[in-house]
Structures are given as structure tokens and as C-alpha cells.
Amino acid sequence: MAQLVTVTKEGNVGLLALNSPPVNALAHPLRAELERAFAQALGDPEIAVIVIYCEGRTFIAGADIGELGKEPRRPDVPDVIEFIAAAEKPVVVAMHGTALGGGLELALGCHFRLATGNAKLGFPEVNLGILPGGGGTQRLPRLVGVRRALELVVGGAPITATQAREWGLIDAVIQGEVRPAALEFAEGLLRDRTPLRRASELTAKLEEPGLFEQWEARISEQQRGFIAPLRCLQAIRGAVELPFEQGIELERALFRELVASAQSRAQRHVFFAEREVSRLPGPSDSAPLREVRSVAVIGVGSLGTGIATCFADARIAVTVIDPSRERGLASEETKNADLIVEAVGDDLGLKREVFAMLDKVCKPGAMLATTTSSLDIDRIAEGTARAGDVVGMHFGTPVHAVKLLEIARARRTTPDVWASALKVGKVLGKISVPVIAHPGLAADRMLAQELREAFFLLEEGALPAQVDRVVRDFGFPLGPFAAIDAAGLESVWQYRQQNYGRMTARERSCDLLEKVYALGRLGRQTQAGFHRYGAGGEQAPDPAIEELVVNHSAARGITRRSVTDAEILERCLYAIINEGANVLAEGVVARALDVDMIWIHGYGFPIYRGGPLFYADELGLPHVQRTLVALQARLGAEYWAPAPLIERLIQEGKGFYGAAPSAPAAA
Ligand code: 3HC
């Protein structure tokens with residue numbers, strides 16, 4: 001293994017090179033080595049200036065996220081940073097790649113900062129449900145002012161080196177390699193006898209009164225439900241109101257609180273799940289992935305054009321083909337494409353025709369993808385002589401806004417085609433989730449369970465506004481009825497038509513969707529669905545719908561009752577968890593994280609709850625099981641029989657993610 005930190009000397013400059021691939025995260029061994037090497041450089045009488053830089057693709061991308069939440073090991077990140085900051089010899093840091101979180105905090109602890117022109121600098125901790133805990137909330141506002149500190153720390157997005165220079169976060173943008181540029185800068189310091197500058201000795205300026213209050217309002221609107229942004233703000237306020245050392249103590253206390261919080265546990269889980277999800281579970285196939293340099297999208301509707309735009313944005317050559325035009329399917333673009341994505345109407349006959357035609361014209365080795373979520377992909381593939389090349393790519397709509405992309409393997413899809421399609425999704429910036437083709441795939445199937453309960457709750461006594469409020473308060477961006485309005489009633493209407501044969505008598509008779517649809521209230525596009533919408537999109541409850549719901553209950557002989565918020569949340573949420581367990585047990589998806597990614601990136605399940613199965617683990621599966629049993633006793637076994645997988649995991653003392661959490665959070 002290469003040395004983690006190498007010390008070299010050039011004249012009176014000591015250079016510390018960190019080398020811990022892939023991203024130089026400040027894991028314990030690297031911290032310990034850095035501390036040791038720094039002490040060596042400090043103690044070396046020949047060294048007058050110390051330079052810190054990184055080898056590899058990036059400067060330190062932060063603390064080691066895998067260590068967060070575990071017992072801290074000395075030297076911890078703040079220990080190393082304070083050790084460096086206190087040095088009496090000037091310390092220069094040179095950054096390249098992504099200098100993030102604890103990495104950037106370490107840079108703030110140094111006395112002079114440089115960055116390459118293409119470097120990105122930022123504090124993404126808020127996305128992990130924590131705050132910068134290595135002095136960042138105290139040094140940053142002292143260097144760049146409170147407004148910009150809030151932007152960086154509460155917002156979480158990185159800035160460019162040029163911006164960082166303008167803000168005074170760094171001293172210079174460097175050209176070329178970091179080592180020679182940093183060396184030259186260090187020699188200049190020596191030559192000019194530049195005194196060292198400590199950020200901790202500056203004063204944090206509040207540019208205008210009321211800034212914190214403005215940000216609080218912004219957070220409650222844009223980061224509703226998240227705790228970390230408010231704690232970030234509180235820590236930055238400390239930089240204005242407290243001496244540096246006390247500000248650091250405040251930051252440490254808030255950091256400890258957040259790192260131990262359920263929200264941060266969930267957000268860290270999401271970080272790793274997002275990276276794991278597009279790797280195929282199980283042993284990898286030896287066949288190389290197929291290259292996708294050109295794509296033909298069949299279909300000129302909003303789905304087809306949306307998909308084509310995604311490819312174009314990812315700089316992949318793409319053509320939209322109108323299948324109704326003469327030679328449309330047989331055009332040169334289709335013949336030469338590496339991937340053909342069919343996005344015609346959800347009609348089996350039509351899709352089979354398209355695929356039979358593609359089979360004739362496409363080049364050997366081309367991948368043929370269908371966007372269906374509800375039809376049997378095997379039936380689509382069987383009309384071709386290359387069923388191994390056929391795969392499902394189910395995009396959410398609107399395509400540009402929904403990150404979820406289900407990559408469905410049909411019975412004969414070859415592993416390399418499945419893996420290649422997953423990779424394509426990643427290139428598109430989507431969260432591609434591998435699923436086994438199954439009419440309804442995984443996402444629609446789970447959503448259908450939640451919607452079933454939402455509609456039952458309406459006929460039992462709730463109204464759309466109440467159901468939506470409760471689900472939104474849990475952390476979804478929209479409640480189920482507002483979400484149907486946003487997507488358009490058409491898609492749910494179609495799903496019900498296609499699945500009518502499989503529905504129970506109660507589900508069929510609970511036809512509120514059809515009733516609203518029949519009124520031509522197709523959702524936001526018609527400014528009316530389960531709610532009504534003003535010209536500016538403002539949503540309001542509609543008495544006409546409330547009357548329709550009440551009349552529906554009467555016509556079905558159901559005596560309406562008052563439904564509590566707790567019941568609404570329980571039924572919507574546990575329907576999702578239970579079906580998620582079934583989908584997993586049946587092998588429609590291979591891992592609990594697939595279910596969680598589907599819900600977070602497909603349906604807006606709150607990130608800070610980690611997805612339905614992670615959340616179930618946090619509640620504790622015995623608690624989940626008891627709730628399901630109680631629902632079964634009250635509402636019947638038809639829908640509420642606890643998934644056998646939950647029972648089995650409890651017997652094995654496990655959760656969906658392995659060992660059951662030792663201290664389950666309260667419901
Ligand atoms: N800790 C541990 N592992 C990390 C890591 C980190 N900070 N950053 C990245 N990794 C791992 C990833 O999990 C991945 O591992 P895998 O190959 O086994 O899946 C590998 O490094 C490469 O990461 P990506 O696939 O994400 O590579 P990209 O090139 O797409 O992105 C990146 C690189 C921009 C650095 C991105 O990984 C990233 O955003 N990382 C997280 C940065 C972050 O959140 N830093 C703050 C950490 S918390 C902190 O610093 C606390 C402090 O205030 C005390």
C-alpha cells in the first residue's frame with residue numbers, strides 16, 4: 001500500500017502529500033498519519049513553511065462518512081485541524097478536484113489557501129444531516145461573511161475556485177499542477193516574510209440585520225422537515241455572537257447532536273445506497289458492458305421527447321423517431337443506434353409490432369428498451385429473435401424531474417444488457433434501480449397499495465385535503481391526491497383499467513378516481529382534479545369534490561366517521577412498508593435499498609427518513625409487525641396480513657438491513 005502521507009523538502013519548504021484513494025477521505029489512519037507527518041515538519045528546523053496537498057483525483061472530500069456515528073477515534077478531524085491551525089510556521093494548502101466538508105475545513109485551518117481553476121469547494125454536510133464539525137461554521141463566516149457562509153453551509157452546493165477567490169475564501173487560483181504552484185507560493189511567502197493569517201482571529205460580519213430570520217423562513221419553506229439546516233444556521237449565528245473558542249464548542253455540541261440523530265442516520269444511509277443501487281447485486285458477469293454512443297427514441301409524445309432531452313443533456317447523440325412516418329422505424333438512425341428506447345402508447349399490440357420491426361432493422365448487439373411499467377416485457381420480447389437484448393427502462397414522469405429509473409430484466413434479458421442499461425441510467429444522472437420485470441414493476445405496485453388506502457380513507461370519512469396534509473407533514477413533497485393531480489389523473493386511471501381484473505370487489509367499487517376523471521378534471525393541467533388550482537397554480541380544496549366524496553360514501557352505504565391524522569399516516573405508510581417487504585421477498589427487487597431508492601427518488605419519500613424499509617428498521621420490526629396485526633384486526637386480513645418476510649426477520653433478530661438496530665427510534 002502506498003504511504004498515506006509523504007513528507008518531502010524543497011529548500012525551506014516541507015511538502016506533505018496525502019494519498020488515500022479514491023477521494024482522500026479523512027479516515028482515522030490518514031488523520032493519524034497526517035498528524036504525525038505535520039508534527040515532524042513542525043519539528044524540523046530546516047522547514048520554515050509547510051505545504052499540504054493531495055495526490056490522486058481530488059483533494060480531501062471530507063471526513064470518512066462511514067465513521068460518522070461511531071465512537072470517535074483520536075485524533076479526530078477537529079483535533080488535526082486545530083493542531084494545524086495553531087502552528088507557528090505558515091501552512092499553505094493547495095486544493096484540486098472536490099475539496100469538501102472536513103477537507104475544506106482543514107483548508108480553512110491552514111493559513112493560506114490555493115485552488116486549481118477547475119476545483120470545487122463546498123460544505124455538503126447538510127446533505128448528510130449534519131453540519132461542518134471541524135471549525136467550518138466558525139472560520140467560514142469570519143472569512144467570507146455571514147450571508148455567503150449561510151449559502152455554502154445551509155445550501156450545501158459547492159462553488160468554483162473563481163467564486164471562492166472573489167469571496168476571499170482562497171488566496172489564489174493556481175494554474176497547472178498543485179505541487180509546483182504551491183511550492184512557488186510558499187517560497188514567495190518566505191521571500192516576502194508574509195506573516196501568517198488565522199481565520200479564527202477575524203470577526204464574522206453580519207451584513208444586514210434580520211439575515212438569520214430571513215434564512216429561517218427560507219429553510220422552513222425549502223428544506224421543510226430537515227433539522228440540520230437550522231442547526232447550521234445556529235452554529236453560524238454563534239460565529240457572530242460568541243468568541244471563537246465558544247463558537248467551536250457550540251459547533252461541536254450541535255455536531256454531536258446531529259450525528260446521533262435519526263435524520264442523519266437516514267441521510268448517510270441514502271448517500272451509500274445511491275452509490276450501491278446501480279451495481280448489480282450478486283456475482284458480476286464477465287461480459288463487458290455495451291457501449292452506448294447513439295440512441296434512437298421511438299415516440300414523439302412527451303415521454304419520448306423527455307427521454308431524448310435527457311440523453312442530449314448527457315451529451316449522447318439521440319434522435320427522436322416518429323413511428324407513424326414512412327420509414328420512421330427503418331430510418332438510418334434506428335439502424336445505427338446502440339440503444340433504441342421505445343416510448344409509444346402503453347398498448348401491447350402496438351409495442352409488439354414496434355419490436356418486431358426493430359428486430360428487422362437494428363444492428364446486431366443493439367439494446368432494445370421498452371418504457372412500459374405495466375405490460376409484460378416477456379410478451380414484448382417474444383416477437384423478436386433477440387429477446388436477450390430486450391430490457392425495460394421505466395422512466396418516471398415528468399422525465400427531467402423524476403430521478404428514478406427502473407431497469408427491468410425480463411426472463412431472457414442477458415446480464416450484460418441489464419448491467420449496461422443500469423450504467424446508461426447512471427450516465428443520465430438518474431438513480432437506476434435494477435428490478436425483475438413483473439407487470440406493474442416494483443414502483444407502481446407499491447404505489448398502488450398506498451393509493452388504495454388513500455381512497456379507502458376517503459370513502460370512510462376523510463377528505464383529500466386532510467389526507468394530503470398528513471402525508472405532507474410526514475415529509476413527502478405532496479400528499480397522494482395532490483401528487484395524482486400533478487402527474488395527471490390519466491396515468492392512475494389507465495393503471496386501474498389495466499389491473500381491473502386483479503382488483504378486489506372493494507377496490508373496484510371504490511371508484512372515486514373514475515368519478516373525478518369522468519368530470520374531465522384531469523389534474524393540474526385542467527386546473528382541477530382532487531383539488532382546484534388557481535391561474536398561478538395555487539391549490540385549494542374544492543367543495544365539489546368534497547360533495548362527490550360524501551355522496552359516494554352514501555351511495556355505497558358507508559357511514560362516514562371522523563378519521564384521525566394518526567390513522568391516515570399509519571395506513572398510508574404501513575401499506576407501503578408491507579408491500580415493500582413483499583416485493584423484496586418475491587425477488588422483484590434484490591435488496592432493501594432498492595425499495596428505499598424507488599420511494600425516495602420516485603415518490604418523494606423524505607430523505608431524512610431513509611426510505612420505507614430503512615424507516616421500518618428504525619421503528620423496529622416488532623413494532624411494525626404489531627401495528628400491522630392491529631390494522632389486520634381492525635380492517636381485515638385482505639390487505640393487512642403482515643408480510644411473511646417481516647415475521648421471518650423478527651424471528652432471526654434482524655431488520656431489513658441486517659442486524660436489528662439496538663435502540664429503535666420511537667414511532
Ligand atoms: N467518506 C467515505 N467514502 C466516501 C466519501 C467520504 N467522504 N466520499 C466519497 N466516498 C466514496 C464513495 O462512497 C464511493 O465509494 P464506492 O466506490 O465504494 O461506492 C467512492 O468514494 C467514490 O465516490 P463517488 O462514486 O461518489 O465518486 P464521484 O466521483 O461521483 O464523486 C465526490 C466524488 C464528489 C467526492 C462524492 O463522492 C461526494 O460528494 N462525496 C461526499 C462528500 C461529503 O459529503 N463530504 C462531507 C463528509 S462529512 C464531513 O466532512 C464532516 C466534517 O465536517 C467533520
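The model shown is predicted, which means the values in this text are computed figures rather than measured ones. For ligands, and for the atoms within them, numbers begin at 1 and follow the listed sequence.
- Side-chain atoms of Gln40 and Arg36 include a donor-acceptor pair closer than 3.5 Å.
- Proximity annotation for atom 7 (N) of ligand 1: of Gly62, Gly133, Ala25, Ala63, Ala63 comes nearest, heavy atoms only.
- Residue Ile65 places at least one N or O, backbone or side chain, under 3.5 Å from an N or O of ligand 1.
- Considering backbone and side-chain N/O of Leu100, none are found under 3.5 Å from N/O of ligand 1.
- Proximity of Pro124 to ligand 1, defined as any heavy-atom pair under 4.0 Å, is confined to the side chain (atoms from C-beta onward).
- Glu105 contributes a side-chain N or O that, together with a main-chain N or O of Gly136, makes up a donor-acceptor pair within less than 3.5 Å.
- Checked by distance only, ligand 1 and Ala61 come closer than 3.5 Å through their nitrogen or oxygen atoms.
- Listed by number with element, the atoms of ligand 1 under 4.0 Å from a non-hydrogen atom of Arg279 are 16 (P), 17 (O), 18 (O), 19 (O).
- No more than 12 heavy-atom neighbours from other residues, nucleotides or ligands sit within 6.0 angstrom of NZ on Lys426.
- Close approach of ligand 1 to Thr98 is summarised as follows: ligand atoms under 4.0 Å from at least one heavy atom of the residue are 35 (C).
- Salt bridge Arg197/Asp171: present, at least one basic N to carboxylate O contact under 4.0 Å.
- Contact atoms of ligand 1 toward Glu125: 48 (S), 49 (C), 50 (O), 51 (C), 52 (C), 53 (O) (distance under 4.0 Å to a heavy atom of the residue).
- Nearest heavy-atom pair across Arg268 and Leu68 is NH2-O, 3.3 Å.
- Ligand 1 places these atoms under 4.0 Å from at least one heavy atom of Phe271: 13 (O), 40 (N), 41 (C).
- There is no protein heavy atom less than 4.0 angstrom from atom 15 (O) of ligand 1.
- In this structure, the side chain of Asp594 engages the main chain of Arg591 through a donor-acceptor pair within 3.5 Å.
- Between Glu35 and Arg31 there is no salt bridge, since none of the side-chain N atoms of the basic residue sits less than 4.0 Å from a carboxylate O of the acidic one.
- When heavy-atom distances to ligand 1 are checked against a 4.0 Å cut-off, Glu105 comes that close only through its side chain, counted from C-beta outward.
- For the atom pair OH of Tyr53 and CZ of Phe59, the computed distance is 12.0 Å after rounding to the nearest 0.5 Å.
- Between His269 and Phe614, the ring-plane angle classifies as parallel under the 30° and 60° cut-offs.
- Within ligand 1, the atoms closer than 4.0 Å to a non-hydrogen atom of Asp64 are 1 (N), 2 (C), numbered from 1 in the order shown.
- A salt bridge is absent between Arg218 and Glu151: the closest approach of a Lys/Arg side-chain nitrogen to an acidic carboxylate oxygen does not fall below 4.0 angstrom.
- Of the possible polar contacts, one joining the Gln267 side chain to the Asn127 backbone as a donor-acceptor pair under 3.5 Å is found.
- In this structure Arg142 satisfies the side-chain contact (heavy atoms from CB on, under 4.5 Å) test together with Gln138, Leu202, Ala204, Ala239, Phe244, sequence neighbours excluded.
- Close approach of ligand 1 to Pro132 (heavy-atom distance below 4.0 Å) involves ligand atoms 53 (O).
- Only the side chain of Val23 comes within 4.0 Å of ligand 1, judged by heavy-atom distances.
- Residue-ligand proximity, Pro22 to ligand 1, at heavy-atom distances under 4.0 Å covers atoms 20 (C), 21 (O).
- In this structure, the protein non-hydrogen atom closest to atom 24 (P) of ligand 1 is Arg275 NE, 3.7 Å.
- Taking a distance limit of 4.0 Å, we find that atom 54 (C) of ligand 1 is approached by some protein heavy atom.
- The atoms of ligand 1 that sit less than 4.0 Å from any heavy atom of Arg57 are 22 (C), 27 (O), 28 (P), 29 (O), 33 (C).
- For Leu128, every heavy-atom contact with ligand 1 shorter than 4.0 Å involves the side chain, none the backbone.
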